[in-house]
Amino acid sequence: MKAGFFERVYDAVRAIPKGRVLTYGQIARLLGTPRGARAVGWALRVLPKKLSHSVPWHRVVGAGGRISPRAGFGPLVQKKRLRAEGVRFRGEKVDVGRHGVAT
DNA sequence: CAAGTGACGTAGA
DNA sequence: GTCTACGCCACTT
């Protein structure tokens with residue numbers, strides 16, 4: 001697997017503290033590619049199920065805490081998981097004002 | 001090497 | 001507030 005960037009994404013997601021959520025753009029920025037949000041989402045898209053239980057992909061959301069309609073096994077599942085982590089929701093979006101790094 | 005794709009992001013209407 | 005269009009990066013074929 002030469003997918004170094006991908007591993008980089010997995011590592012970043014894995015480093016997400018519980019009760020906190022990050023956006024693709026935010027992760028991409030941490031990796032050094034502020035415009036590589038798509039590449040980040042792609043990394044999670046090809047995320048092997050083997051790692052799906054090791055990588056809290058459900059803590060990764062879109063800008064503003066929006067959940068994409070193509071999320072993992074279903075955006076509903078992700079939302080439920082986030083709630084189980086203690087994350088509050090604002091309608092269909094994550095309460096970024098509390099968990100989102102975005103102030 | 002070139003083209004296509006994709007869990008995105010921002011700007012404009 | 002919602003939808004559309006373009007641009008960005010990385011990976012596959």
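Numbered from 1 within each chain, the chains take letters A, B, ... in sequence-line order. Scope of the values below: all heavy atoms of this structure, side chains included, with no hydrogens, waters or symmetry mates.
Look at CZ on A:F6: it is 6 Å from C1' on C:dC11, rounded to the nearest Å. Following rounding to the nearest Å, A:Y24 (OH) and C:dC8 (P) show an atom-to-atom distance of 21 Å. Look at CG on A:L30: it is 17 Å from C1' on C:dA10, rounded to the nearest Å. Across the protein-nucleic acid pair, A:W42 atom CH2 and B:dT5 atom C1' stand 6 Å apart, rounded to whole Å. Whole-Å rounding puts the A:R35 CZ to C:dA10 C1' distance at 16 Å. Look at CG on A:L44: it is 13 Å from P on C:dC11, rounded to the nearest Å. In this structure, A:R70 places its CZ atom 5 Å from P of B:dA7, rounding to the nearest Å. What separates CG of A:L31 from P of C:dC9 is a distance of 14 Å, to the nearest Å.
Here the nucleotide nearest the side chain of A:W57, chosen from B:dA7, C:dC9, C:dA10, is B:dA7. You'll find that the side chain of A:F5 is closest to C:dC11, out of B:dA7, C:dC9, C:dC11. Of the listed nucleotides (B:dG6, B:dG9, B:dC8), B:dC8 has the atom at the smallest distance from the side chain of A:S68.
Here the closest heavy-atom approach between residue A:L44 and residue A:Y24 is recorded as CD1-CE2, 4.0 Å. Closest of all the heavy-atom pairs between A:R14 and A:V55 is NE-CG2, 3.8 Å.
Within 4.0 Å of A:A39, counting heavy atoms only, lies at least one base atom of the nucleic acid. At the heavy-atom level, A:G36 lies under 4.0 Å from the strands shown only through sugar-phosphate atoms.
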A:F89/A:V94 under side-chain contact (heavy atoms from CB on, under 4.5 Å): CA gap, chis, key distance, verdict: CA-CA 4 Å; A:F89 273 80; A:V94 179; 3.7 Å; yes

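At a cut-off of 3.5 angstrom, the base of C:dC9 holds no donor-acceptor pair with the side chain of A:R38.
Evaluated for a salt bridge (charged side-chain N to carboxylate O under 4.0 Å, His left out) with A:E85, the options A:K80, A:R59, A:R98 yield exactly one hit, A:R59.
Residue pairs satisfying the salt bridge (Lys or Arg N to Asp or Glu O under 4.0 Å) criterion with at least one member in residues 65-79 of chain A, sequence neighbours excluded, are listed as follows: A:K79-A:E92.
Listed for the A:H99 side chain is a donor-acceptor partner under 3.5 Å among the backbone atoms of A:R88.
Here CZ of A:R8 is found 14.0 Å from CD1 of A:I27. Values are rounded to the nearest 0.5 Å.
Contacts between residues 75-95 of chain A and DNA chain C, defined by a heavy-atom separation under 4.0 Å, are absent.
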